[in-house]
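Here's the structure, in structure tokens; my notes come after.
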Amino acid sequence: MRIQRCLRSVLFSLAVASMALASPACSKSPQITAESIEDNWALTEQHEPGSVVMTVAPDGKVTALVKNRDGKPIEEGVSGNLTVKVPGKEGAPATAELVPEPKAGGVLVAKIPPLEDELTEVGYELKVKGEPFKGALHVPRGGTRELQESAKESQAIKVEGKKGPNGGVLQPVGDDIVEIVADKATGDVRVYVLDLDLKPVPIGQREIKLAIQTPSGPDVLVLAPGPDRLYFTGKLKVKVNPTKITVVLKDGGHTHVVLCNYHPGAVIVVGASAPVIGILVATTWAVKVNVKPTVVVHDDDDDDGRRVIVVHKGKGKGKWKGKGRWR
């Protein structure tokens, strides 16, 4: 009996030792490889000499993979850096070096500050055997995963191929549809909130900013409410159609961030051959916002069967019908 207990003890010790030896090997296995990176909420940007596949996590971990024109990972001769700029914050941008992840088939990794703001600009500059790959992502707190998920949700509202009432670009954002349009002559930008019939409605307490990329580089526009809060307004620094627009819409304590015209799994073409998003139009801003009155019916307290009907107007004015008084 004693021999059996000793034998069991020896076997248990050997099992524990085997697990301890196996553990470090498992921890060194790459979490994301060249084969799995695209299944981990990555965005792919297509450049002239190839493509960059990148993920940005909320904790600031960045993974990147460069592919050649045939879509094959490039495992050697790749180096580069990230530049992190938070809109509205002073000081020089933070930088981080992309370094190869061992046994990951060409995947590069870097660590940037956690994504604490509603929008963070992550620029990348890579050299691949002498060829430059340069671009920028604007990512929300949820990183590239949030952009992929919001793109999937936006597909439920069908606006593809349609134009807004001002001739601008339509984009579902959360429960809303927005029209992004700019005056070709002045560069003045307007963003309208539309109903499901694509009719403009008042913006209410919403807030909007646009991260815009053009051949001149990225820029963030914090839009202001227009007169009577009927639309948002801002101005382009350069009067050209952008190649990418990221929309941030805040409403009722919720923030929605979407990449304009993006579909899950799509490749984003950047650089000289990138298609533009046609927001610049010749316009006189003639479209009116549909301000519908809200009718609220109250029962009075004298049980005579009469009711007070209050009609709230768009600017806070009102009138009453029937018995009672509304101030």
Side-chain angles (χ1 to χ4, degrees), residues 27-28 30-34 36-45 47 51-66 78-102 104 106-128 132-151 173 207-214 216-223 237 242 244-250 253-260 262 268 270:
S27 64
K28 291 181 181 178
Q31 294 181 351
I32 297 179
T33 65
S36 67
I37 187 170
E38 293 184 23
D39 297 326
N40 284 270
W41 314 102
L43 291 177
T44 300
E45 295 204 331
H47 296 256
S51 60
V52 176
V53 186
M54 185 174 294
T55 70
V56 184
D59 64 358
K61 183 176 181 180
V62 179
T63 61
L65 177 69
V66 181
V78 182
S79 62
N81 294 282
L82 302 176
T83 303
V84 184
K85 181 179 178 182
V86 179
K89 289 196 174 181
E90 301 294 334
T95 59
E97 183 184 1
L98 285 161
V99 297
E101 175 79 352
V107 172
L108 307 171
V109 295
K111 189 69 168 64
I112 63 174
L115 304 177
E116 298 177 349
D117 291 82
E118 61 191 19
L119 202 66
T120 300
E121 182 183 303
V122 181
Y124 62 88
E125 189 166 358
L126 299 166
K127 284 189 177 179
V128 184
F133 288 71
K134 185 176 181 180
L137 304 179
H138 288 94
V139 291
R141 290 185 179 93
T144 51
R145 174 171 183 165
E146 184 176 338
L147 290 175
Q148 292 281 12
E149 290 179 338
S150 63
V173 187
E207 300 175 29
I208 280 187
K209 68 174 63 172
L210 304 176
I212 291 180
Q213 268 187 264
T214 68
S216 301
D219 188 26
V220 175
L221 302 179
V222 179
L223 303 182
K237 286 185 178 179
K244 284 201 300 184
I245 302 176
T246 306
V247 184
V248 181
L249 188 151
K250 296 174 66 175
H254 299 283
T255 301
H256 303 279
V257 184
V258 298
L259 186 56
C260 192
Y262 177 74
I268 305 165
V270 298

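Since the model is a prediction, treat every value here as computed from it, not as a measurement. Side chains are part of it too, since the values below use all heavy atoms of this structure and drop only hydrogens, waters and symmetry mates.
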What's the verdict on side-chain contact (heavy atoms from CB on, under 4.5 Å) for T214 and K237, showing C-alpha distance, side-chain angles and the deciding distance? CA-CA 10 Å; T214 68; K237 286 185 178 179; over 6 Å; no
Checking V53 against E38 for the side-chain contact (heavy atoms from CB on, under 4.5 Å) test, could you report, in this order, the C-alpha distance in whole Å, the side-chain angles of both residues, the deciding distance, and whether it holds? CA-CA 7 Å; V53 186; E38 293 184 23; 3.8 Å; yes
Does a side chain donor of either T55 or T144 reach within less than 3.5 Å of an acceptor in the other side chain? no
Which pairs with one or both residues in residues 108-123 pass salt bridge (charged side-chain N to carboxylate O under 4.0 Å, His left out), sequence neighbours excluded? K89-D117, E118-K209, E118-K250
Smallest heavy-atom separation, A57 atom then L115 atom, equals O-CD1, 3.5 Å
I'd like to check V84 versus T120 (side-chain heavy atoms, cut-off strictly below 4.5 Å). Are they in contact? yes
Find the distance between OG1 (T63) and CD (Q31) and round it off to the nearest 0.5 Å. 10.0 Å
Between K244 and H138, is there a donor-acceptor pair closer than 3.5 Å when you use the side chain of the first and the backbone of the second? no
Given 3.5 Å as the limit, does a donor-acceptor pair link the side chain of Q148 with the main chain of A42, or not? yes
Quick one, E149 and W41 - any side-chain contact, counting heavy atoms below 4.5 Å? yes
Quick check for you: to the nearest 0.5 Å, what is the distance between H254 atom NE2 and L249 atom CG? 12.0 Å
Evaluate the criterion side-chain contact (heavy atoms from CB on, under 4.5 Å) for residue pair V66 and F133; output intermediate values, then yes/no. CA-CA 9 Å; V66 181; F133 288 71; 4.0 Å; yes
S51 side-chain N/O to T44 backbone N/O, donor-acceptor pair under 3.5 Å: no
Are N81 and T95 side-chain neighbours, meaning at least one heavy-atom pair lies under 4.5 Å? no
Atom NZ of residue position K61 - does it have more than 12 heavy atoms of other residues, nucleotides or ligands inside 6.0 Å? yes
Rounding to 0.5 Å, atoms OG (S79) and CG (L126) come to a distance of 7.5 Å
Residues in side chain to side chain donor-acceptor pair (under 3.5 Å) with T246, at least two apart? none
Closest non-hydrogen contact found for A136 with Q213 is O-OE1, 2.9 Å
Are any non-hydrogen side-chain atoms of Y262 and L43 less than 4.5 angstrom apart? yes
Does the side chain of K85 reach to within under 4.5 Å of the side chain of V220, using non-hydrogen atoms? no
Quick one: closest heavy-atom pair of P242 and I212, and the distance? CB-CG2, 3.4 Å
What do the steps show when you test L137 against M54 for side-chain contact (heavy atoms from CB on, under 4.5 Å), and what is the final call? CA-CA 9 Å; L137 304 179; M54 185 174 294; 3.8 Å; yes
Quick one: which of V52, L65, L108 gives a side-chain contact (heavy atoms from CB on, under 4.5 Å) with V78? L108
Specify the closest pair of heavy atoms between V257 and P140, including all atoms of both residues, with the distance to one decimal. CG2-CB, 3.7 Å
Quick check for you: to the nearest 0.5 Å, what is the distance between I208 atom CD1 and L221 atom CG? 11.5 Å
Is any side-chain heavy atom of I268 closer than 4.5 Å to a side-chain heavy atom of L259? yes
Tightest non-hydrogen contact, residues T33 and S36, listed as N-OG, 2.9 Å
Quick check: closest heavy atoms across S150 and L147, and the distance to 0.1 Å? OG-O, 3.0 Å
